[in-house]
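First up is the structure itself, then whatever we jot down about it.
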Amino acid sequence: MPSTSLDYIPFNKPYLVGNELRYIAEAAALGKLSGNGIFTQRCQDFFQREYGFTRALLTNSGTAALEMAALLLDLQPGDEVILPSFTFTSTANAFLLRGATLRFADSSPDHPNIAPAEIARLITPKTRAVVVVHYAGVACDIAAILPLIEQHNLVLIEDAAQAIESYHLTRRLGSIGHLAAFSFHETKNISAGEGGLLAINDSQFADRAEIIWEKGTNRAAFFRGETAKYQWVDIGSSFLPSEMTAAFLWAQLEQRQRILQRRLQQWTTYEQAFAPLAGIGLQLPFIPAYASAHNGHIFYLICRSVEERQQLIQHLADQNILAVFHYQPLHSSPYFHPRYAGPALGQAENYAQRLVRLPLYFELSEQQQTRIINCVLNFYTT
Ligand SMILES: *Cc1c(COP(=O)(O)O)cnc(C)c1O
């Protein structure tokens, strides 16, 4: 029976953390609300300076950033792109929209990230790019992946949508691939409601990225005084967010340390509380040593069966707590299944069936988290 006396704890809750509304008012007062104004510049400069990206371009979403990356590849018919099956649709759609042939890879047995051996299995003379997803903000096995990229002269794209402020050893995620996409969707650590960022780490893509971003024009260069005319010079689309989005984002970026610390604290509290469950066969998140500086984006448990997971989700729902599963593998989705000719991807299916995510967000109180923990432990001890 749902207990009406208990506050509802959502899975995620968007929050204001500082100057969001003040900066939006400032942007309005400045009289320029379209893209590439002062707040956009401030955010992009921040990412270029602090993250060391050659170029950082704000976008309307993480999806849009992935679409820009796909446009920059200039894919030809028959070109293949390798990506994990256990990911969000945008990782795949961006490349499919450009006519690529998708090659789906399985996850590792010990965590949901792409298995490097799978990349090796899928490389052919037609492979152009590999897209890796740092699931839950936990770094992929970059040291095993980079040699494959170099050896076969491929483009590495990081889907770093969940990975802001995470590292592989001492390298920031998003700064390793030729290109990387971040998301500022309200479910991500740093949010602008909807928003994203394309990070360009290989300068051969920088100028063209800016043109694609500005609807195929050299508008950005024109306003910097670098060209006498403002013209249509390439294909492109409308990828820039408005200044209101950038203003909101800037306020969250200013508070990024506070947000990160809070999330890591909640993540660690879950990890410690649920450590005993490993003794009865549940899996806790496995964080490889190279990924230890992660951002606490998702805390998940891997149940022993799909039935157990559904019962746990129901048990929490009965106590007014929303826990959720995650991706259904793309290779076996209603859209792609009829087009898929590869082998079964057992690990992707495994995470799809058994993984459950617990509430984790800036405003989750200690008291609420204790309630969630007790509810889960109670499910396993009665
Ligand atoms: C959130 C997410 C996206 C899409 O980002 P949007 O900003 O929602 O478009 C893409 N890939 C992954 C792995 C994500 O988690």
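When a ligand or atom number is given, it counts from 1 through the structure's own listing order.
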Backbone or side-chain N or O of Thr87 under 3.5 Å from ligand 1 N or O: no

Over 12 foreign heavy atoms within 6.0 Å of CD, Gln257: yes

Heavy-atom side-chain contact between Phe11 and Leu358 under 4.5 Å: no

Salt-bridge contact Arg354-Glu349 (side-chain N to carboxylate O under 4.0 Å): no

Within 6.0 angstrom of Lys126 NZ, more than 12 heavy atoms from elsewhere: no

For ligand 1, the portion of Glu194 having any non-hydrogen atom under 4.0 Å away: neither

Sub-3.5 Å N/O-N/O distance, Gly62 and ligand 1: yes

Donor-acceptor contact below 3.5 Å, side chain Gln162 vs main chain Ala136: yes

Close approach, Tyr327 and ligand 1, non-hydrogen under 4.0 angstrom: yes

Ser34 and Lys32: side chain donor to acceptor below 3.5 Å: yes

Pick from His297, His185, Glu186: the one approaching atom 8 (O) of ligand 1 most closely through a non-hydrogen atom: His185

Region of Thr63 that comes within reach of ligand 1 [heavy atoms, distance under 4.0 Å]: both

Sub-4.0 Å heavy-atom contact, Gly195 with ligand 1: yes

